[in-house]
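Given the structure is predicted, the values throughout are model-derived calculations rather than measurements. Note that ligands are numbered from 1 as they come in the structure, with each ligand's atoms numbered from 1 the same way.
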Amino acid sequence: MRILVVEDEPKTSAYLRKGLTEQGYVVDSAADGLDGLHLATTGNYDLVLLDVMLPGIDGWSVLQGVRQLHPTPILFLSALADVDDRVKGLRLGADDYLAKPFAFSELLARVQNILRRGPVQRETFLKVADVLLDPIKRRVTRAGDVVELTVKEYALLEYLMRHAGEMCSRTLIAENVWDMNFDSDTNVVDVAIRRLRAKIDDPYPLKLIHTVRGVGYVFEARTP
Ligand code: CA
């Protein structure tokens, strides 16, 4: 198993290298973002340990750069105890994070966990007819046109596409997209569907959102 350590503090880098080598891993290291990105995208690593605050380009940019090309698992190390930063890292496609300072035993447990999962199966695009949804970039296109959606419209579309061809009741949609129970007021769902339709269906001849009267919606391409 080969691990790349991208960390600019020599002490931390040496500590990680020593500890991981003792555990039988083959360790390479990079001391700045550019080197890290280069090695991570050209070397064949089973895991990248990535510090966030790096000279050159920061860890977020390295993470994005690697993610565009490789499914290599990434564990990021952040001195920033901020929840927003952790969320940001995970959103950008990191597999896990560890806040500094950390105990080596915890780092090792997380490394082993990630490696145990084996080669990563990256989620691919969702596709229904000519609608493409990229769950990582949260980007939607129809017939090649980028469709700009609000956060809720996107969540609604993703839910419908994940259940393409199935009956999605208003109640289920409300629970899954709004994370709450709309006892009677599922009007919220209808309003959101109307907005989504205006963007994703109205400009195109083939309609994908179908109303099931009194119940909910089905997202599918129906042959006329
Ligand atoms: Ca650093």
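Residue contact annotation: T12 places no N/O/S atom under 3.0 Å from the Ca ion (ligand 1). One of the N, O or S atoms belonging to D51 lies under 3.0 Å away from the Ca ion (ligand 1).
Judged purely by atom type and a 3.5 angstrom limit, K127 uses its side chain to pair as donor or acceptor with the backbone of A129. D58 places no side-chain N or O within 3.5 Å of a backbone atom of M53 that could act as its donor or acceptor partner.
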Exercise. Decide salt bridge (Lys or Arg N to Asp or Glu O under 4.0 Å) for D202 and R142; before the verdict, give the C-alpha distance in whole Å, the side-chain angles of both, and the deciding distance to 0.1 Å.
Key: CA-CA 12 Å; D202 290 353; R142 177 148 193 195; over 6 Å; no

Quiz item: Between D28 and Y45, is a side chain to side chain donor-acceptor pair (under 3.5 Å) present by the stated rule, with each step listed?
Solution: CA-CA 9 Å; D28 285 340; Y45 295 100; 2.6 Å; yes

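No other N/O/S atom of D8 lies as close to the Ca ion (ligand 1) as OD1 does.
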